[in-house]
Structure formats: C-alpha cells, structure tokens
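Here is the structure we will look at.
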Amino acid sequence: MANDASSRLERMSGMLKRRGFILPAFEIHGGAKGLYDFGPNGGRLRTRVNQLWLDHWTSLGNIVEISSPTITPYEVLEASGHVGEFSDFMTTCLACQDVSRADTLLEGAHPNPDSLNKDELDVLLQKNQPPCPSCATSDWSKVVAQNLMFNTTIGAGNSGRPGFLRPETAQGMFTSFTSLYRHFREKLPFGAVQVGKGYRNEISPRQGMIRLREFNMAELEYFIDPQTTPQHDLTKWDNVSFDLLSEDNGQVTMTIAEAIAKGIVRHPTVGYFMAMTYDFLVAVGINADRIRFRQHESNEMAHYATDCWDAEIEGSYGWIECVGIAHRGCYDLESHEKYTGKTLRARREFATPQEVVIDGWTIDGSIAGPAFRSLAGKVKTAVEQLPLETEFPISLNIDEQMISVESSHVKRLQKTETLTGEWFIPHVVEPAFGIDRIIWHVLDHAYTETTKQDDSYTMMKLSPSVVPIDYCVFPLFEKDGMSELAKMVNERFNSKRGIISSYDSSGSIGRRYARADEIGVPICVTIDHQSLEDNTVTVRIRDTGEQTRVPIDEL
RNA sequence: GCGAGCGUAGUGUAGUGGUUAUCACCGAGCGUUGCCAACGCUUGAACCCGGGUUCGAGUCCCGGCGCUCGCACCA
C-alpha cells in the first residue's frame, strides 16, 4: 500500500472514531478483535443502509421480509452442510486437557474419517480408544464441532442442546420455505429477505471492518423454477457498462443483457440481480467506477454454489468482495428435505396432462396385511416393483428377512393415472450482502480531503439517502431571539418522520459548517438578523458551499 | 496460528530509569466577533492490562489483550 494511501486510511480511521461512525468495541476493557461498534453517527447510517436495502428488494413485489433467530440448532447447520464445511471435530483428552481433531485420531481406524459426522466419530472414538498424542491416555470427551462457527448450548445443563450462532441468515429462509410457498399462494418465483447479524469465529480478523466475527448481513433467497426461462426487463441498464471478470473470458466490459446473451453470466436471474446490486450500491453512495463483478473459479465456489459472481468494491484495502450473487441450485432445500424427510417442493402443472398406464401387481390388503403385519407396507412397495410376468409364490428379501409372497397375497393392478403436474425442488439464486463492508466503502468513497485557505479540510460527501444527520440549524449568534427561532426550525425538522436535525450554536459559524461537513450533513440552515425580520434563512449546500435565502415555510 | 513492528487525553503526537507527563487540534464555559475551522481567558481529558527488575518504570524484562504488516487459514 502506498504511503500516502495508508496515511489517508489512518486519518480517516481517526475521524470515523472521533465523529462516532465506527469504533472498536469494548475498548475500555481492552477491546475485542473483529468486533466493532457503530457510534452515534454510524448507528443511524447503518439503519438507513439496511432500510434502503430492504426497500430496494421488497419493491419488486414478490419479495417479503422475514426474521429468524441467530441461535440455530446443530441439526439445521448439519443439514445445510456448514458443520462439515465450516468446522473441525475436536475432542478433549480428559486426562491432560489437550485438544485433538477427532478425525486425525481415527485415521488408522477408518479409511476416510473426514467424511464421518459427529455421532459416527463419537461411536468410533469410544470403540477404538486411540491414545492421546501428548499423554497416551485413552479417555476422550464427547466430540464437539469447532472453528468457524460459534458453539453454544441451547438450554441449561444436561437438557442443553448443541447449537451455533448462525454463520449466515440464509438458512432461516430455507427452513421457512413451506410458509413462504403458502404465503405466495404456491406460485414461483418469489423471494424472502432478511437483514441481521451473522457470526463467524474467524481465526484472524483483519483489515478493520472487512473481516469481522460478528457482522451485518442482508440476504435474498429467490426461489425459481429451473425449467422456466426467466423474463427480466433489463432495458433499464442498456446504457450501463459493467466491468466483468469472467472465468473463461477474462476482463470484459459490456451491458448485462449482452453478458447474459453471450453466456458469460450463466443465468438471467443472476444477471438481473447483478444489475439490481449495482443500482443499490450506487444509491448508497458507492462510486460507480469502483464497482466490478468477478466470477468465481469452479474450484473456489462455496460448497453450495453452482455459479457465483462477487460484486467487488475498490477502496483503501484494494478490491474487496462485498456482495456474493450465487446460483445455489437446489442444494439447500434438497439438503433440508433429505435430513428432515419433510417436503420442500413446489408444484409445476403440465401443459398437457400425462397419462400413466400401470399394469402390474399389488397386495391384497385383507390377506397380506394380517400375514405380514408390520412389514406389509414394505412388501407392498416391493410387489408393485415386480414385472407383470412374475410368477407367485416368490421369495423376497424385506429388511433382511426372507419372506414368501403367495399368489393369495397379491392381486392384479391395472389403472390409468392422469398426472396434471409434478413436484420439484425449486432452485435458488442468492444475493448476499456484507453490509459492514459496504458501509466501509460508502465511508471510504465519501471521505474527501481538500484544502481550504491552505488548511486541510475534511468532508464526508455521503449520499443524502444514508446521511446520519439530514440538517443542521445554526443561529448566526445567540441573541435577539435568533437561537429561539433556530431551535424552533430545528424542532420542526425533527418532528418530520425520518428526518434528523441537529442544533449547534458553539463556535464560529465557519467552525460549525466545518463540523457539519465532516459528518456529511448535506444541508445547513442559518438564522440571522434578516430571518427575524422577514422569516427567511440561509440554506447552505455541503458539496458546493452555495448559499440561498429561503423562506422558513418553504424548507 | 507463526513471525516482525507498534500501543501515551476524543484525535494526532513529544518524552536519557528521576519534579505535578509535552505540544497541537478537540470538548465544555465566559467574553469579543458575526456566513465558511477567528481571537482571548478559564477549564476538561492519557501512559492498554497484569506481573517482574529497581530506592524509583511511560521508558528495561516477562506474560496477556489490542492494532498494523507478512505467511498460513478463510467469505
């Protein structure tokens, strides 16, 4: 990093701390790595970014907002693949308290211990009793998953159930699928969004706000029918050139429609969301020239993705991925379906109903039922698989038992079924936003150092859509009723929903403008002598310094 | 996690083992001024934490925590 760039970073970090944007958390207790506070100005900035994000997606009309817990039972994240992909399985030697990886201990006992789940490792560990590498005792604790997810116990003592703090908000949308499907009257496509905290116990948080242990994320899970070609109106972006770093074509610049047409972006919905993402980033104040999209290499993709584009933003730390737009296929719903046995599917009606002719065998319930008792169901399934030519009696292996199916147990089954549609697992396209990283770059791009009369001058050219304070009201001086009038104007601003105004009377007028510029207040209003006479005030614009007189009633 | 460097008011900093810890900006109050960081006076605020060496530690040593960078790990 160039020297002037890193000293700019230092000055900016100092300012962000001094002005209450972002601060290291718990500092009076020595601080905690990877955890940050949003201060008095940052808190509101974050809320406005979150709100803008929600509005951006819910305005599409078929997207709803949900909220699910951050505490997540073990099973959910085992089903999603996170336990396997995000954790190592650890066990503690009860004699010397040394911690070892369970799969490493069992390398001699199993061809591929890495593939085992927690319970299997537990069983194998108790059976094999491998010696502890440091003290040679064989007395191991229960296996616990450790590493990138924060472990916790849900409930107290022995009744406690293992869980994690969620590493992403997405799982809540998947586990709520049936409710969402019903909410949308069983019609795809639809989506659900969630803004909230996620947690990853990073081994080594770095680069300030870029890698955190607790972070703000905002995710959309958009469920689609893989057999329907999505129609998205991309004309809005016909004049926008996107910088794309594609896996096969290298760096190219083109419209999103062109990228989809050429197959560089492999799915239209992924492309549409890339364009939507671009709009959002620009709306919160990211410099459009410093946004690019990078396609993941096949070997780099997360365990769930089949195509993935990152939106990267250039800032003080170089190009940083701030949004991941992943085509997750049917991975998540399928995983939860397999794990729970619950149906997580949508129905697709056929254009023309299909006739299916069935001509084979089934059981005669009144005879086979009493004969096979609890196995009857499985016998039925097996018999219905048999070809028409089958001769009875026949021996079948049901649950390791050889049973004989007599001709009296069965009957011919001849029917014609009309299938009007089928059930399938929807595919998912997921834009996942790292809000903290975006906020960092919003601040980074807004932070402007200039000089004013040979003095260095700092201002935050924040977009009005995200500024923490909308207006500042100053009395030019505190006498003859100017401060009263200014306080009245300030209260009037504050009484408007969603508007924050701040009153400031300390220091010279120039100092107050400078203070307002540093936290990015777009408009300052000054009350002077003339205001007392004709009810007009000076309105001063942050970015230009331009002043105009405006009647109070027109503010 | 390993290695290197660093840690002093809100911010940026000065500080040979020896008074009450430097300076600037900053915040608060008062006064003068009154539309772009004005001035004067008053005032507020710090040696990351814990051990050790020493008569005496901000300064030297050890450990922890945090920050930055490199390697490793990783959305």
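Chain letters run A, B, ... following the sequence lines, proteins first, then strands; residues in each count from 1.
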A:Phe273 vs A:Trp57 aromatic rings, parallel, tilted or perpendicular, using cut-offs 30° and 60°? perpendicular

Sidechain-backbone polar pair: A:Asn535 side chain, A:Ile552 backbone, donor-acceptor under 3.5 Å: no

C1' atoms of B:A45 and B:U11, separation to the nearest Å: 12 Å

Between B:C47 and B:U59, how far apart are the C1' atoms? Round to whole Å, please. 10 Å

A:His82 has an atom NE2; how far is it from atom C1' of B:C74, in whole Å? 13 Å

Under a 3.5 Å limit for both distances, which nucleotide forms a Watson-Crick or G-U wobble pair with B:G17, could you say? none

What integer distance in Å separates A:Leu476:CG from B:C36:C1'? 11 Å

Among pairs that include at least one residue of residues 4-26 of chain A, which meet ring pair (Phe, Tyr, Trp, His ring centres under 6.0 Å), considering only residues two or more places apart or in two chains? none

Would you say CD1 of A:Ile541 has more than 12 non-hydrogen atoms from neighbouring residues, nucleotides or ligands within 6.0 angstrom? yes

Check ion pair A:Asp517-A:Arg540 (N to O, under 4.0 angstrom): yes

I'd like the C1' distance from B:G12 over to B:G70, given in whole Å. 27 Å

Under a 3.5 Å distance rule, please check whether A:Arg542 uses its side chain to pair with a backbone N or O of A:Met460 as donor and acceptor. yes

Could you tell me the separation between the CG atom of A:Asp504 and the C1' atom of B:C26, rounded to a whole number of Å? 14 Å

In residues 271-282 of chain A, which residues come under 4.0 Å of RNA chain B by heavy atom? none

Pairwise P distance, B:G27 and B:G10 [rounded to whole Å]: 14 Å

Euclidean distance for C1', B:U20 against B:G58 (whole angstrom): 15 Å

What is the separation between atom NE2 on A:His529 and atom P on B:C35, rounded to the nearest whole Å? 11 Å

According to the Watson-Crick and G-U wobble definitions, with both distances under 3.5 Å, which nucleotide is paired to B:G1? B:C71

Determine the Euclidean distance between corresponding C1' atoms of B:C49 and B:A57; express it in Å to zero decimal places. 15 Å

When all nucleic acid strands are considered with a 4.0 Å heavy-atom cut-off, which category describes A:Asp517: base, sugar-phosphate, or nothing? nothing

Nearest-angstrom distance from the residue atom CZ of A:Phe474 to P of B:G34: 19 Å

With sequence neighbours excluded, tell me which residues meet side chain to side chain contact (heavy atoms under 4.5 Å, CB included) with A:Thr72. A:Val76, A:Leu77, A:Arg166

note: A:Phe21, atom CZ; B:U11, atom P; distance rounded to Å ~ 16 Å

Where each residue is assigned the nucleotide of RNA chain B containing its nearest heavy atom, which of A:Ser531 and A:Arg11 is assigned the position nearer the 5′ end? A:Arg11

Expected output: side-chain A:Thr277 to main-chain A:Ala275 donor-acceptor under 3.5 Å: no

Hunt down the Watson-Crick or G-U wobble partner of B:C6, both distances under 3.5 Å, from any strand shown, or write none. B:G66

Atom pairs under 3.5 Å, N or O on each side, protein against nucleotides 63-67 of chain B: can you list them with distances?
from: B:C65; atom 1: O2'; to: A:Gly30; atom 2: O; distance (Å): 3.3
from: B:G66; atom 1: O4'; to: A:Gly30; atom 2: O; distance (Å): 3.4

Taking the same atom, P, in B:C41 and in B:A14, what whole-Å distance lies between them? 27 Å

Both distances below 3.5 Å, Watson-Crick or wobble geometry, any strand: find the nucleotide opposite B:U59. none

Keeping A:His296 on the side-chain end and A:Cys308 on the backbone end, is there a donor-acceptor pair under 3.5 Å? no

What is the ring orientation for A:Phe280 with A:Trp53, classed by angle as parallel under 30°, tilted 30 to 60°, or perpendicular over 60°? perpendicular

Please report the distance, rounded to the nearest Å, between CD1 in A:Ile519 and P in B:U11. 18 Å

Does NZ in A:Lys496 sit with more than 12 non-hydrogen atoms of other residues, nucleotides or ligands closer than 6.0 Å? no

Heavy atoms under 4.0 Å, any strand shown: does A:Glu27 hit a base, just sugar-phosphate, or nothing? nothing

Return each pair, listed once, that meets salt bridge (charged side-chain N to carboxylate O under 4.0 Å, His left out) where at least one residue sits in residues 526-538 of chain A; pairs must be two or more places apart or across chains. A:Asp528-A:Arg549

On a whole-Å scale, what distance lies between the C1' atoms belonging to B:U53 and B:C61? 7 Å

Which letters describe nucleotides 37-44 of chain B, given B = protein heavy atom under 4.0 Å from base, S = only from sugar-phosphate, - = neither? BB------

Measure from the side-chain N and O atoms of A:Arg44 to the backbone N and O of A:Pro468, and report whether any donor-acceptor pair falls under 3.5 Å. yes

Before we go on, tell me: are the rings of A:Phe474 and A:Tyr513 under 6.0 Å apart, centre to centre? yes

Choosing from B:C36, B:U11, B:C74, which nucleotide comes nearest the side chain of A:Arg211? B:C74

For RNA chain B, whose closest nucleotide is more 5', that of A:Arg18 or that of A:Asp528? A:Arg18

Between B:G10 (P) and A:Met12 (CE): distance, integer Å: 22 Å

